[in-house]
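The sequence lines fix the lettering, A, B, ..., with proteins before strands; numbering per chain opens at 1.
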2 protein chains.
Amino acid sequence: MFSIGELSRRTKVKVPTIRYYETVGLLTAPERTEGNQRRYDRAGLQRLSFIRHARDLGFSIEAISSLIELQDHPDRSCQAATDIAAAQLSDVRAKIRRLRALEKELLRITKGCDGEGVSEDCYVLTSLADHELCEWEH
Amino acid sequence: MFSIGELSRRTKVKVPTIRYYETVGLLTAPERTEGNQRRYDRAGLQRLSFIRHARDLGFSIEAISSLIELQDHPDRSCQAATDIAAAQLSDVRAKIRRLRALEKELLRITKGCDGEGVSEDCYVLTSLADHELCEWEH
DNA sequence: CCTTGAACCTCTAGTCGCTAGAGACATTAT
DNA sequence: ATAATGTCTCTAGCGACTAGAGGTTCAAGG
Ligand SMILES: [Zn+2]
Ligand SMILES: [Zn+2]
Ligand SMILES: [Zn+2]
Ligand SMILES: [Zn+2]
C-alpha cells in the first residue's frame, strides 16, 4: 500500500495531479486510512502509469478514459482503441505540419534582422505588420 | 470609423476576442459612440492585424505586448524584438522535436494492431501500459 | 508516550487564450 | 415606428493542471 506521495514518486505524477485525476474520474477513489488518507495498491500504480504514459503521448483525458474503460473489459473488441490511437497520430501530424510552416516563416523573419538597428526599420516588426511578406498562408 | 463587427470581419478576429484583447491591454480602448459602442480607426485596424498575425505565428500575448510597445517607440533598439522572435523560433522547434518523437511512437503503436482483435491482446493498450516497449524516452 | 515536522486533507482560485451565454441597450433598414 | 441586427457588460466555461490557505494525520526520534 502506497501513500499518495509514494505513488507520486514512483510514477512522477505530482500529488495534486493525482487528486485531480481522481476528481475527473480517471482514477477510481482508492481506499483510505482511518485518518482519511489515500492508500493505493499495485493496481492503482499500474493504472496511473498507464495514464501518465498516455498523457506523455498526448492523449486527452477523455481519450484515456475510453482506453481505460476498454482495458477493464478484456473481451471487447479493441477497434475503439486503435481508432483513438490513429486519431491521435493524425492530430500529432497536423500539429507538426502547422509548426513546420511556422518554423519557416519565423526563420525568414529572424534572419531578416540582427537586432542592431532601430525599431522603426526592424524587419521582425515589419513582417509582423504585413502578412504580404509571408510566403505561406497560416 | 469601424464598428467592432466590421473590424472583426476585416481582420477575421472574433468580436469577443477583440474585446478580450482590450481587457488584457493588447488593444487600447477605442473611442465610443454616444450610445457607448466602440468605434475604431485605421490605426486600430492595423494594430489588430499585427496582433492577429503574431498570434497566428504562435507568439504569446505577453510577447506581443512587448512587440507593440517597441513598435510604438520607433527610435528604440530592436534587440528585444529579435530576441522574442528567436525565442519563439526555438520554442517552435522544440515542439516539433517533441511531436516527431511522439509521431514515431504512435506510428509503432498504431501499426501494432489492426483493431480486429480483443482488448486483452491489443498492442495499443499493452504499449500504453508498458513504457519499456517504447523506443524513446518522452 | 509525547512531540515534532513532514506529509496529507479539502477547498478555492489562478493559469492561457479564448468562447459562449444572458439580459439589456443601440443602431440601421424598411 | 417597428423590427432585425448589432453591441454592451458580466459571468462562467474549456483543458489540464498548479498554487495556496488552513487544517489534520502520520511516522520517527527522544
Ligand atoms: Zn530588428
Ligand atoms: Zn503571415
Ligand atoms: Zn487492438
Ligand atoms: Zn513510452
- Item | Closest to side chain of Tyr21(A), choosing from dC17(D), dT7(D), dG17(C) | dC17(D)
- Message: Is the phosphate of dT9(D) approached by Arg32(B) (side-chain N or O, under 4.0 Å from OP1 or OP2)?
- Response: yes
- Query: Whole-Å distance between dT9(D) C1' and Ile4(B) CD1?
  - Reply: 12 Å
- Query: Is the shortest side-chain N to carboxylate O distance from Arg76(A) to Glu69(A) below 4.0 Å?
  - Reply: yes
- Message: At less than 4.0 Å, is any side-chain N or O atom of Arg38(A) found next to OP1 or OP2 of dC8(C)? Yes or no.
- Response: no
- Considering only side-chain heavy atoms of Gln37(B), which listed nucleotide, dC8(C), dA26(C), dG17(C), is closest? dA26(C)
- Query: Nearest-Å distance, OH (Tyr40(A)) to C1' (dC9(C))?
  - Reply: 12 Å
- Item | Short N-O contact, Glu103(A) and Arg93(B), less than 4.0 angstrom | yes
- Atom pair distance, as rounded to whole Å: CD1 in Ile18(A) and C1' in dT10(C): 16 Å
- Message: Taking the minimum atom-to-atom distance to the side chain of Ile61(A), which one of dA16(D), dC8(D), dT19(C) wins?
- Response: dA16(D)
- Determine the minimum heavy-atom distance between Ile84(A) and Ser66(A), stating which atoms define it. CD1-CB, 3.6 Å
- Message: What is the distance, to the nearest angstrom, from the CD1 atom on Ile51(B) to the P atom on dC18(C)?
- Response: 10 Å
- Would you kindly give the OH-to-P distance between Tyr20(A) and dT18(D), to the nearest whole Å? 10 Å
- Hey, are Arg47(B) and Asp72(B) close enough for a salt bridge, meaning a charged N less than 4.0 Å from a carboxylate O? yes
- Nearest of dC9(C), dA26(C), dC26(D) to any side-chain atom of Thr33(A)? dC26(D)
- Does Arg55(A) have a side-chain nitrogen or oxygen under 4.0 Å from the phosphate oxygens OP1 or OP2 of dC17(D)? yes
- Between Arg19(B) and dC8(D), does any side-chain N or O lie under 4.0 Å from OP1 or OP2? yes
- Query: So, is Arg52(A) near the phosphate of dA16(D), with a side-chain N or O under 4.0 Å from OP1 or OP2?
  - Reply: no
- Message: Check this for me: does any side-chain nitrogen of one of Glu22(A) and Arg19(A) sit under 4.0 Å from a carboxylate oxygen of the other?
- Response: no
- Considering just the side-chain nitrogens and oxygens of Thr17(B), establish if one lies under 4.0 Å of OP1 or OP2 belonging to dT19(C). yes
- Counting side-chain heavy atoms from CB outward, which of dA16(D), dT18(D), dT27(C) is closest to Lys14(A)? dT18(D)
- Whole-Å distance, Asn36(A) CG to dG22(D) P, equals 21 Å
- Query: Can you check the Phe2(A) CZ to dC26(D) C1' distance for me, whole Å?
  - Reply: 18 Å
- Note on the structure: Glu6(B) CD to dT7(D) C1', in whole Å, measures 14 Å
